[in-house]
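Down below is the structure, laid out as structure tokens.
In what follows, every heavy atom counts, from backbone to side chain, and hydrogens, waters and symmetry copies are set aside. All residue numbers in this chain count up from 1 along the given sequence. Values in this document were obtained by computation on a predicted structure and should not be read as measured data.
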Amino acid sequence: MEAKGTFVKNPKKILFASLIGSTIEFYDFFLYGTVASLVFNQLFFPNDDPFVSLLIAYASFGVTFFIRPIGGLIFSHMGDKFGRKNTLVISLLLMGISTVCIGLLPTYQSIGVMAPILLIFLRLVQGIALGGEWGGAVLLAVESAPKEQRGFYGSFPAMGIPFGMLLGTCSISLMSKLPEAQFLGWGWRIPFILSAVLVAVGIWIRRGLGETSAFEEEKQKGNVVKVPLFETLLYHWKAVLISLGAKCVEVGPFYVFSTFFIGYSTGTLGFSRTTALNIVTAATIVTVICIPLMGKLSDKIGRKRVFMMGAASLALFSFPYFYLMSLKSVFLTYVISIIALGILWSAIASIIGTMFTEMFSTNVGYTGITLGYQSGSALFGGTAPMIATVLLSAYKNSWVPLAIFIGILCIASLVSVSFIRNNKIDSKTQAGGMYPLNQANVQE
């Protein structure tokens, strides 16, 4: 019999709940990134120099990454003290409201400088909401998984990243078939406004869930800490640093292969907007397929091994990726995008949440994984399109600095994760699947 207040023991519902919320959050979040280089640089950040307009648009995309750790700390504190469920409902609602408001926002031509100010404000609200989403979604899945399937369960929130981007890219691609004037006038707004429907569905599903059994066990034992952040920094600081370094290869290349790619392929390579969006869409479909497969693989050979293989392969592929793209062949660009984003990146994204979760004890799990993940996103994710754009301009459209940039991020993550001992599931696993740092899952 199920104890009152514990998590609903329905694997399909658990996986769907963790996937749907993550998908909606990232759909809303990526809509902005997709539209930034196509619309916002013209309607909200007009400038005589197209490069400056594009750079400012990317900056508005990137600034939200620096607010994500703040949102993460707020929501993770609530999640570790009061439970995962309600925290996730609030973050989803906050994201939905801000996204719909972006779709209704007047442009620079209508209200002047208030347009970019309001746009950036709403973007920051999105960042706060997303900062609290990812850690909770991962815990929702991993804390409810059988110990031999944590990698597979933990891959479902990760699937929300490409699913969200896929929905966002497809919706903008569909709207971009409109005549240019109509697309810029109202077409781009439709995907933002329709987010309200997705959010309503996500909230309805999540409200039907109880609390996770792992959190309830910690609560009954009296292990809920007063200030999770202090506990995390005092006893889990090594794990935070390792997770921060591990994020380099997960978040930096992703935004180069997706957000930066759209502006680069249309501006430098001369591809049409539809072609660029279709390439990202094709690669994303492959990513969605590969992520759960990589999660299953990590249950067999270990998280660390899968991560290291993915990061090393991505480092080696960085030069061929940009060289082949420089040939301006649409077919080759499809192929390399599918390899880079669809296959190699999925090996990293599929297990990073589970790997982080296994580095922290349950009572600070939300705070621990959120602190490293969101800080890494701020440092290496939001800045990636801007750095790539600056490198491209500084070196006269040469692709070599871009490849070196990706390689450096990969190497940084390889070094960081090398300090983790093999965290394949074994008899040391505690309730909820967490490894406290003092049980030596991280090298001293």
Legend entry - Inter- and intrachain pairs under salt bridge (Lys or Arg N to Asp or Glu O under 4.0 Å), touching residues 240-255, at least two apart: Lys247-Glu250
Inset, instruction - Output all residues satisfying side-chain contact (heavy atoms from CB on, under 4.5 Å) with Leu241, sequence neighbours left out; order by chain, then residue number. - result: Trp237
Inset, instruction - Sequence neighbours left out, what passes side-chain contact (heavy atoms from CB on, under 4.5 Å) with Ile411? Give chain and number order. - result: Val415
Inset, instruction - Would you give the length of the straight line joining atom CZ of Arg303 to atom CG of Leu297, rounded to the nearest 0.5 angstrom? - result: 10.5 Å
Legend entry - Side chain Ser313, main chain Leu344, donor-acceptor under 3.5 Å: no
Legend entry - Which residues share a side-chain contact (heavy atoms from CB on, under 4.5 Å) with Ile387, sequence neighbours left out: Thr383, Leu391, Phe405
Inset, instruction - Please answer whether the main-chain N or O of Ser155 pairs with a side-chain N or O of Ser350 as donor and acceptor at a distance below 3.5 Å. - result: no
Inset, instruction - State which residues pass ring-ring contact (aromatic ring centres under 6.0 Å, His included) with Tyr321; sequence neighbours excluded, sorted by chain then number. - result: Phe257
Inset, instruction - Evaluate the side-chain contact (heavy atoms from CB on, under 4.5 Å) criterion for residues Ile70 and Ile128: first the C-alpha distance (whole Å), next the side-chain angles of each, then the deciding distance (0.1 Å), finally the verdict. - result: CA-CA 7 Å; Ile70 297 175; Ile128 291 173; 5.6 Å; no
Legend entry - Non-neighbouring partners of Arg189 that pass salt bridge (Lys or Arg N to Asp or Glu O under 4.0 Å), sequence neighbours left out: none
Legend entry - Backbone N/O of Ala239 and side chain of Ser243: donor-acceptor pair under 3.5 Å: yes
Inset, instruction - Using the test side-chain contact (heavy atoms from CB on, under 4.5 Å), find all partners of Tyr323 that sit at least two apart in sequence or belong to another chain. - result: Ser326, Leu327, Trp399
Inset, instruction - Kindly say whether Gly295 contributes a backbone atom to a donor-acceptor pair with the side chain of Ser298 at under 3.5 angstrom? - result: yes
Inset, instruction - Mind listing the closest non-hydrogen atom pair of Ala276 and Thr266 along with its distance? - result: CB-CG2, 3.9 Å
Legend entry - Spacing of Trp345 atom CH2 and Ile161 atom CD1 [to the nearest 0.5 Å]: 4.5 Å
Inset, instruction - Using atom types as modelled and distance alone, determine if a side-chain donor or acceptor of Asp299 lies under 3.5 Å from a backbone N or O of Phe152. - result: yes
Legend entry - Rounded distance [0.5 Å steps], CG in Leu233 versus CG in Leu371: 6.0 Å
Inset, instruction - Determine whether Phe44 and Ile120 make a side-chain contact, defined as any pair of heavy atoms from C-beta on separated by less than 4.5 Å. - result: no
Legend entry - Residues that Ser413 engages under side chain to side chain donor-acceptor pair (under 3.5 Å), provided they are two or more places apart: none
Inset, instruction - Assess whether side-chain contact (heavy atoms from CB on, under 4.5 Å) is satisfied between Leu332 and Met325, documenting all intermediate values. - result: CA-CA 7 Å; Leu332 287 177; Met325 192 184 300; over 6 Å; no
Inset, instruction - Quick one: closest heavy-atom pair of Ile279 and Ser337, and the distance? - result: CG2-OG, 3.4 Å
Inset, instruction - Using a 4.5 Å cut-off on heavy atoms from C-beta on, say whether the side chain of Phe322 contacts that of Val400. - result: no
Legend entry - Non-hydrogen atoms of Met355 and Val417 that approach each other most closely: CE-CG2, 4.3 Å
Legend entry - Taking every non-hydrogen atom, the tightest pair across Ser346 and Ile291: CB-CG1, 3.8 Å
Inset, instruction - Output yes when a side-chain donor or acceptor of Ser98 lies under 3.5 Å from a complementary backbone atom of Met95, and no otherwise. - result: yes
Legend entry - Any Leu119 side-chain heavy atom under 4.5 Å of Ile102 side chain: yes
Inset, instruction - Could you grab the distance from atom CG of Leu167 to atom CD1 of Ile172, nearest 0.5 Å is fine? - result: 11.5 Å
Inset, instruction - Identify, with sequence neighbours excluded, every residue that meets ring-ring contact (aromatic ring centres under 6.0 Å, His included) alongside Tyr373. - result: Trp134
Inset, instruction - May I ask you to test the Tyr27-Pro191 pair for a side-chain heavy-atom distance under 4.5 Å? - result: yes
Legend entry - Qualifying residues under ring-ring contact (aromatic ring centres under 6.0 Å, His included), relative to Phe163, sequence neighbours excluded: none
Inset, instruction - Locate the shortest heavy-atom distance separating Gly96 from Val199; write the atom from each residue and the value. - result: CA-CG2, 3.5 Å
Inset, instruction - Working to the nearest 0.5 Å, report the span between CZ of Phe380 and CG of Leu409. - result: 7.5 Å
Legend entry - Atom pair OG1 (Thr99) and CD1 (Ile193), whose distance is rounded to the nearest 0.5 Å: 11.5 Å
Inset, instruction - Taking the side chain as every heavy atom from C-beta outward, state whether Phe317 and Pro320 have any pair of such atoms under 4.5 Å apart. - result: yes
Inset, instruction - Kindly indicate, with the supporting measurements, whether the criterion side-chain contact (heavy atoms from CB on, under 4.5 Å) is fulfilled by Leu402 and Val256. - result: CA-CA 9 Å; Leu402 302 177; Val256 171; over 6 Å; no
Inset, instruction - Test side-chain contact (heavy atoms from CB on, under 4.5 Å) on Ile420 and Phe307 and set out the steps. - result: CA-CA 11 Å; Ile420 301 177; Phe307 185 97; over 6 Å; no
Legend entry - Contacts of type side chain to side chain donor-acceptor pair (under 3.5 Å), residue Thr275, not counting sequence neighbours: Ser272
Inset, instruction - For residues Phe75 and Thr370, determine if any side-chain heavy atom of one lies less than 4.5 Å from a side-chain heavy atom of the other. - result: no
Inset, instruction - Kindly give the heavy-atom pair with the smallest separation between Thr357 and Leu139, and that separation in Å. - result: CG2-CD2, 3.9 Å
Inset, instruction - Just say parallel, tilted or perpendicular for the rings of Tyr264 and Phe260, cut-offs at 30° and 60°. - result: parallel
Inset, instruction - Taking the side chain as every heavy atom from C-beta outward, state whether Leu43 and Trp188 have any pair of such atoms under 4.5 Å apart. - result: yes
